[in-house]
**Q** 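One structure, as structure tokens, below. Some questions next.
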Protein chains: 2
Amino acid sequence: MARTTDTDLAPHELRVLVAVADTGGFSAAAGTLGVTQSAVSHSVRGSERKIGAVLFDRGRTGARPTPAGDKAVVYARRILRLLDILNAEARGAARSDVAEGPLRIAAFRSAALHLLPPVLQRLRARHHGIEPRVRIVREVGRGTAGEVADGKADIAIATLGGSAPLPPGLIASGLLEEPYALVHPAGHAAPRSLPLVDWAENCGSYTRDWWTAQDWIPKATVEAEDDGAVLSLVSGGHGMAIMPALSLVGAADSVAITDLGLGRPTRQVGYVTTSELAGSAVVRALVRELRATVPQCAGLLNSEP
Amino acid sequence: MARTTDTDLAPHELRVLVAVADTGGFSAAAGTLGVTQSAVSHSVRGSERKIGAVLFDRGRTGARPTPAGDKAVVYARRILRLLDILNAEARGAARSDVAEGPLRIAAFRSAALHLLPPVLQRLRARHHGIEPRVRIVREVGRGTAGEVADGKADIAIATLGGSAPLPPGLIASGLLEEPYALVHPAGHAAPRSLPLVDWAENCGSYTRDWWTAQDWIPKATVEAEDDGAVLSLVSGGHGMAIMPALSLVGAADSVAITDLGLGRPTRQVGYVTTSELAGSAVVRALVRELRATVPQCAGLLNSEP
DNA sequence: ACCGTTCCATGAGCAGTTCTCATACCTTGA
DNA sequence: TCAAGGTATGAGAACTGCTCATGGAACGGT
């Protein structure tokens, strides 16, 4: 009696796993999925039986993934995404060069605000069926690339060459070398006397070398929430900062931007995706537009007034 | 009435698509799947309805994938493989550093015969649950890397840097630089008078530069089936050949191998996989063994007697 | 032109699976 | 001890996918 054990998880089972991981509980997951808590319980139990391992630790506070569950959820996200892509690609295969379907982009704040808009405008103009969705992710911890690694995004706009090595299974490519510039309140008599404003996301490693080569160091350091807050503090006369050019696009007149010259620090900005998705039409379309549009941005960044 | 159309293909539907593409017909696919032709027909029709595109052109001779079907099948293979990986990884997540499950390797002939055996021996010794399956693929056309691109293999041993660019969505890494050597019948009085034996798989581009730099060219060229046949022809005194070192491992005493010196042609041998699979435990385990074992091989290759 | 073969398509009915509903169980905090 | 979160479980309804039986279309040999 060879019980023909079907060991593969069906898409709806994968969706349940992801929902439970996202919501942190069976009941909550059931809510977002529009089914009964009972269905979720049955489904998870079924998945666990198929896999042969406990995927969630159930407790009074909800359900937490076990190590096995963590892995399963990451793969579940990727598989579900690939199923989407299969649909979109097969549908669009007839009319070639037409991409369609959703495209989940993770970007750090300044990229989402100042780099992506023109790119997405061109993208949508060229590919009518594409639905880009940008999510702003702070470039701390595993950063935007982590979203791709976890299957939560298809492509990330990230700072490359940072301390953390690229997670296994991802590919990256550079788009532009973004210079840092000194920004301080316009018309301030002694900008060097102001405290330096910094923020968590601004990985110090990019500017550290530059600072050690300087013959002066700022008197104090103030921590702000994000680059927007930094700019606002500087604009209010409360400090000066070393900021990447993208964060300075469209800065108010009340701040003065000083190019730091040849030895200025820079950071590499690029994109990160998985090789599976790199072959998909939607991701390829975005990369094409990024490569076509970003260089023009770069020109503006280097020649600030 | 928003008919909540489930648009995702279930694993068994994906398997049907792959089987139809592999066998070239609904009936044959039904046979290999152990189900009825009717079930296949219903399943394919259902998949086509979900996707919204015709996936196979049906004819009296069987069924051929449409362009949309081609894409769908490629993704189907990858998704099915990821489902396997999900199982294996989640199952093995508890006991870390233990890889288990099948590992499909595509390799060209000489690599499968002379490079992989010691690697796989160590791999199996270290990871008891792993099940490597080597398939020999001729390195012509899209070659071994094409197997990975099509989802038919998890990792390929391939010659890198060839004419064809890496298909999108794959990653590659070099393992060794394999030198070519001159091989001719042992004790032959005038080896240069013999015809040159070549074979389709031996991409001429690797040796072409070297030939143009020589002050003599062979009198004639003979085409053989594969490198084994070439070696056998040479061994029989019917010609001489320029062959990569891997093909010469364990050659009989009846052939003489002459190192071509510093200007000798070489080819890059490496592995190709997808980034999705690069993160999996089984592929990582194999790559680790490849990197540990191959350099020892390389030492032997460069110092032939 | 006929007939036989070899494909795929289709409809009805059965079987297995996955939902819902109702309820039981466990733990925590008041 | 009770109320309020959470999950587990069993029985039946709804659904899905499979098989069986049959039909239609194209090709090739005679």
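In what follows, every chain begins at residue 1, and chains take the letters A, B, ... in the order their sequences are listed.
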**Q** Check the pair Glu276(A), Thr274(B) against side chain to side chain donor-acceptor pair (under 3.5 Å), reporting the backbone distance first and the verdict last.
**A** CA-CA 7 Å; Glu276(A) 299 286 349; Thr274(B) 76; 3.2 Å; yes
**Q** Looking at dA9(C), I'd like to know if its phosphate oxygens (OP1 or OP2) sit under 4.0 Å from a side-chain N or O belonging to Arg58(B).
**A**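 Yes, Arg58(B) has a side-chain N/O under 4.0 Å of OP1/OP2 on dA9(C).
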**Q** Distance check needed: dT17(C) P versus Glu13(A) CD, whole Å only.
**A** 12 Å
**Q** Hey, which of Arg15(A), Lys152(A), Arg77(A) is the one that makes salt bridge (Lys or Arg N to Asp or Glu O under 4.0 Å) with Asp22(A)?
**A**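 So, applying the salt bridge (Lys or Arg N to Asp or Glu O under 4.0 Å) to Asp22(A) and each of Arg15(A), Lys152(A), Arg77(A), only Arg77(A) qualifies.
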**Q** Within the 3.5 Å criterion, strictly below it, is a donor on Glu139(A) or Thr159(A) matched to an acceptor on the partner's side chain?
**A**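 Judged by distance alone, the side chains do pair up.
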**Q** Begin from the C-alpha positions of Asp8(A) and Lys50(A) and carry the test salt bridge (Lys or Arg N to Asp or Glu O under 4.0 Å) through to its verdict.
**A** CA-CA 7 Å; Asp8(A) 289 329; Lys50(A) 285 181 178 176; over 6 Å; no
**Q** Rounded to whole Å, please give me the gap between NE2 in His12(B) and C1' in dT18(C).
**A**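 Spelled out: NE2 on His12(B) to C1' on dT18(C) is 13 Å.
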**Q** Once you round it to whole Å, what is the distance between P of dG6(D) and CG of Asp57(A)?
**A**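 It works out to 17 Å between those atoms.
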**Q** Which part of the nucleic acid does Gly25(B) contact within heavy-atom distance under 4.0 Å: base, sugar-phosphate only, or nothing?
**A**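 Sugar-phosphate contact only - Gly25(B) comes under 4.0 Å of backbone atoms but never of a base.
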**Q** Show, in sequence, the C-alpha distance, side-chain angles and deciding distance for Leu116(A) and Ile157(A), and conclude whether the side chain to side chain contact (heavy atoms under 4.5 Å, CB included) test is met.
**A** CA-CA 9 Å; Leu116(A) 284 179; Ile157(A) 308 299; 4.2 Å; yes
**Q** Send over the distance from Arg15(A) CZ to dC19(C) P, rounded to a whole Å.
**A** 11 Å
**Q** Reading nucleotides 20-30 of chain C from the 5' end, what letters show protein touch, with B for base, S for backbone sugar-phosphate only, - for no heavy atom under 4.0 Å?
**A** BB-----SS--
**Q** Decide yes or no on side chain to side chain contact (heavy atoms under 4.5 Å, CB included) for Ile136(A) and Phe108(A), but give the supporting numbers first.
**A** CA-CA 5 Å; Ile136(A) 294 180; Phe108(A) 54 87; over 6 Å; no
**Q** Let me know the distance between CG of Leu9(B) and C1' of dG17(D), rounded to the nearest Å.
**A** 14 Å
**Q** List the steps, then state whether side chain to side chain contact (heavy atoms under 4.5 Å, CB included) holds for Arg58(A) with Val44(A).
**A** CA-CA 11 Å; Arg58(A) 287 87 151 163; Val44(A) 171; 3.7 Å; yes
**Q** What contact category does Gly62(B) fall into here, base, sugar-phosphate, or nothing, at under 4.0 angstrom with non-hydrogen atoms?
**A**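 Touches sugar-phosphate only.
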**Q** Could you walk me through whether Thr7(B) and Asn87(A) satisfy the side chain to side chain donor-acceptor pair (under 3.5 Å) test, starting with their C-alpha distance in whole Å, then the side-chain angles of each, then the deciding distance to 0.1 Å, before giving a yes or no?
**A** CA-CA 8 Å; Thr7(B) 168; Asn87(A) 263 276; 3.2 Å; yes
**Q** Considering just the side-chain nitrogens and oxygens of Ser27(B), establish if one lies under 4.0 Å of OP1 or OP2 belonging to dC8(C).
**A** yes
**Q** Contacts to DNA chain D from residues 48-56 of chain B, heavy-atom cutoff under 4.0 Å, which residues?
**A** none
**Q** Evaluate the side chain to side chain contact (heavy atoms under 4.5 Å, CB included) criterion for residues Arg138(B) and Arg109(B): first the C-alpha distance (whole Å), next the side-chain angles of each, then the deciding distance (0.1 Å), finally the verdict.
**A** CA-CA 7 Å; Arg138(B) 309 194 73 194; Arg109(B) 188 174 172 280; over 6 Å; no
